[in-house]
Asker: 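Quick one: this structure, given as structure tokens, is what I'll be asking you about.
Note that the structure is predicted; figures quoted are calculated from it, not measured. What's counted below: heavy atoms across the whole structure, side chains too, no hydrogens, waters or symmetry copies.
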Amino acid sequence: MSRAKTSLAVLALVLAAAATGCASTATKDEKAANAELQRAMEEAMKPASPEEVAAANRSDPLTKANFWSKEHAKDPENLETAITFGNALRDIGSDDRAIDVLSQVLVVHPDSAELLMVLGRALSTKQDYRAAARAFNQAGTLEPERAAAWGGLGTALDQLDQHADAQQAYQRALSIEPNRTSTLANYGLSLALSGDLLGAEEKLRLADAQPDTTTRIKENLALVLGLQGKYDEMKAASGSNAPRSIVDQNVELLREMVQPTRTWEALAERAEMGKLPASPASSNRLGPDAERAAAATSTPVTDDSATVTTPENDAGLRLRKSY
């Protein structure tokens with residue numbers, strides 16, 4: 001072999017070795033980068049630590065919702081995370097999003113009564129009472145001793161004007177928790193809407209006697225007493241929760257409402273907030289076809305932390321609901 005050919009052969013071997021070395025180095029770098037990326041992904045998908053969860057739950061509602069949104073994205077089928085995320089969404093008023101999240105998780109966990117309860121409350125807030133009734137009923141079927149499920153079912157049925165069925169649901173809830181304040185109050189309102197003012201008074205007095213009674217329960221009791229013509233008792237029930245002038249005005253308005261000689265339009269001139277009062281009644285018992293006092297504008301008060309919107313400066317007595 002000539003000297004020139006020998007030199008060319010040696011050069012080819014050197015170049016080949018250099019190329020092999022570069023390829024080997026590139027492969028090692030790629031493997032290292034991929035490994036680092038894998039570690040980063042695994043770290044990002046790890047559930048939050050107990051300390052991080054505690055800190056998030058102490059934060060403001062929006063920060064809390066964002067935190068649980070990320071946790072839910074890590075494991076969309078995790079039941080506990082989905083329930084917590086759903087409640088966090090409700091706390092910031094995102095009930096539509098909560099319904100979407102909870103409905104998807106329900107496909108994976110159809111037997112979770114707690115998930116159904118949160119879903120039912122969100123549906124109630126959006127005034128989808130028929131779907132809410134189904135959710136509460138299913139929760140009660142899964143856990144028959146869950147009084148809140150039957151109480152929620154009763155409230156949804158009342159909103160659908162199915163008062164007899166609602167009252168059966170309340171009775172079932174009270175058979176489990178006889179002193180459940182919100183259920184006693186709702187039962188009383190349901191009886192009032194059905195025309196049974198004496199029964200309504202009894203349940204509302206029981207609700208008002210509980211340690212966790214509310215101003216709304218007292219207002220409803222005062223209204224039911226006033227509708228029966230028990231004006232002194234009405235003042236006693238509501239006097240500590242409203243200015244005296246408002247109490248006296250409400251009493252006078254109810255006196256006029258039960259006088260058949262007064263016209264609805266005349267009463268409207270003295271109604272608060274520019275709202276028309278209920279049609280005049282000829283007795284202190286609401287008949288099946290009688291006008292239901294403010295039934296269309298009754299305001300829910302829930303056992304959970306959901307916010308309920310009410311007209312500002314609403315000082316007048318109106319039927320209000322709680323569940």
Side-chain angles (χ1 to χ4, degrees), residues 61 65 68-69 72 76-174 176-177 180 182-183 185-187 189-190 193-194 216 292 294-310 319-323:
W68 285 109
S69 174
H72 176 66
E77 296 184 0
N78 184 284
L79 177 59
E80 183 177 352
T81 299
I83 291 173
T84 306
F85 183 32
N87 281 321
L89 287 169
R90 297 197 64 229
D91 287 344
I92 61 172
S94 295
D95 288 280
D96 285 325
R97 174 66 175 140
I99 291 169
D100 182 53
V101 169
L102 296 168
S103 297
Q104 291 181 33
V105 179
L106 186 62
V107 176
V108 184
H109 300 281
D111 297 331
S112 171
E114 183 61 30
L115 179 65
L116 287 161
M117 290 297 298
V118 181
L119 178 59
R121 289 168 183 149
L123 289 165
S124 292
T125 300
K126 298 304 295 182
Q127 300 183 6
D128 188 352
Y129 299 116
R130 198 166 300 281
R134 288 195 296 268
F136 288 131
N137 184 65
Q138 188 174 348
T141 301
L142 289 167
E143 295 185 9
E145 295 303 306
R146 185 183 282 262
W150 303 116
L153 174 61
T155 302
L157 291 172
D158 261 335
Q159 294 287 353
L160 295 169
D161 289 331
Q162 298 178 24
H163 303 304
D165 292 335
Q167 289 157 26
Q168 289 182 4
Y170 295 138
Q171 290 167 9
R172 185 158 185 176
L174 292 172
I176 301 167
E177 295 182 23
R180 194 167 193 272
S182 61
T183 301
N186 279 339
Y187 194 179
L189 292 178
S190 183
L193 292 171
S194 301
R216 286 177 178 171
R292 291 167 179 168
T297 55
S298 59
T299 305
V301 182
T302 64
D303 287 331
D304 61 355
S305 58
T307 301
V308 177
T309 303
T310 57
L319 275 178
R320 302 173 188 271
K321 299 187 71 63
S322 57
Y323 57 85

Asker: Measuring from atom CG of Leu193 to atom CD of Gln167, what distance do you get when rounded to the nearest 0.5 angstrom?
Answerer: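 One gets 9.0 Å once the value is rounded to the nearest 0.5 Å.
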
Asker: Could you walk me through whether Leu123 and Arg134 pass side-chain contact (heavy atoms from CB on, under 4.5 Å), step by step?
Answerer: CA-CA 10 Å; Leu123 289 165; Arg134 288 195 296 268; over 6 Å; no

Asker: For Ala65 and Ile92, which heavy atoms make the closest approach, and how far apart are they?
Answerer: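 Here Ala65 and Ile92 meet closest at CB-CD1, 3.8 Å.
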
Asker: Of all heavy-atom pairs between Met117 and Ala139, which one has the smallest distance, and what is that distance?
Answerer: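 Closest pair (atom of Met117, atom of Ala139, distance): SD-CB, 3.9 Å.
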
Asker: Ignoring hydrogens and geometry beyond distance, is a side-chain donor-acceptor pair present between Thr183 and Glu177 at under 3.5 Å?
Answerer: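 No.
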
Asker: Would you compute the distance between atom CD of Gln127 and atom CG of Asp95 and round it to the nearest 0.5 angstrom?
Answerer: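 Interatomic distance, Gln127 CD to Asp95 CG, rounded to 0.5 Å: 11.0 Å.
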
Asker: To check you understand the geometry: which heavy-atom pair defines the closest contact between Ala98 and Arg90, and what is its length?
Answerer: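 That closest heavy-atom pairing would be CB-CG, 4.0 Å.
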
Asker: Could you tell me whether a side-chain N or O of Tyr129 sits under 3.5 Å from a main-chain N or O of Leu160, the two making a donor and an acceptor?
Answerer: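 Side chain of Tyr129 to backbone of Leu160, a donor-acceptor pair under 3.5 Å: no, none is there.
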
Asker: Using the rule given for side-chain contact (heavy atoms from CB on, under 4.5 Å), can you reason through Gln171 versus Tyr187, listing the C-alpha separation, both sets of side-chain angles and the distance that settles it, and then say yes or no?
Answerer: CA-CA 8 Å; Gln171 290 167 9; Tyr187 194 179; 2.7 Å; yes

Asker: Which pairs, with at least one residue in residues 98-110 and sequence neighbours excluded, count as a side chain to side chain donor-acceptor pair (under 3.5 Å)?
Answerer: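 Those involving residues 98-110 are Arg97-Asp100, Asp100-Gln104.
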
Asker: Please list all pairs passing the side chain to side chain donor-acceptor pair (under 3.5 Å) test where one or both residues lie in residues 76-86, with sequence neighbours left out.
Answerer: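 As it turns out, the side chain to side chain donor-acceptor pair (under 3.5 Å) pairs with a partner in residues 76-86, which skip direct neighbours, are Asn78-Thr81.
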
Asker: Mind checking whether Phe136 and Arg121 have side chains closer than 4.5 Å, heavy atoms only?
Answerer: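 Yes, side chains in contact.
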
Asker: Show the nearest heavy-atom pair for residues Arg172 and Pro144, with the distance to one decimal.
Answerer: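 For Arg172 versus Pro144, the nearest heavy atoms are NH2-CB, 4.1 Å.
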
Asker: Is there a donor-acceptor contact under 3.5 Å from the side chain of Ser124 to the main chain of Gly120?
Answerer: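 Side chain of Ser124 to backbone of Gly120: a pair is present.
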
Asker: Kindly compute the distance separating CD (Glu143) from CG (Leu116), expressed to the nearest 0.5 Å.
Answerer: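 It comes to 9.5 Å.
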
Asker: Side chains of Leu153 and Tyr170: closer than 4.5 Å at any heavy-atom pair?
Answerer: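 A side-chain contact under 4.5 Å is absent here.
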
Asker: Trp150 and side chain to side chain contact (heavy atoms under 4.5 Å, CB included): which single residue from Thr155, Leu174, Asn137 fits?
Answerer: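 Option passing the side chain to side chain contact (heavy atoms under 4.5 Å, CB included) with Trp150: Asn137.
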
Asker: Test Ser112 against Ile83 for side-chain contact (heavy atoms from CB on, under 4.5 Å), laying out the working first.
Answerer: CA-CA 10 Å; Ser112 171; Ile83 291 173; 4.2 Å; yes

Asker: Locate the shortest heavy-atom distance separating Asp158 from Ala166; write the atom from each residue and the value.
Answerer: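 Shortest heavy-atom separation between Asp158 and Ala166 comes out as OD1-CB, 3.5 Å.
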
Asker: Closest approach of Ala147 and Ala173, non-hydrogen atoms and distance?
Answerer: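 For Ala147 versus Ala173, the nearest heavy atoms are O-CB, 3.5 Å.
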
Asker: Nearest 0.5 Å, what's the OG1-CZ distance between Thr141 and Arg146?
Answerer: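 Rounded to the nearest 0.5 Å, the OG1-CZ separation comes to 12.5 Å.
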
Asker: In Å and rounded to the nearest 0.5 Å, what is the CD1 to CG distance from Ile99 to Leu106?
Answerer: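 So the CD1 of Ile99 and the CG of Leu106 are separated by 12.5 Å.
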
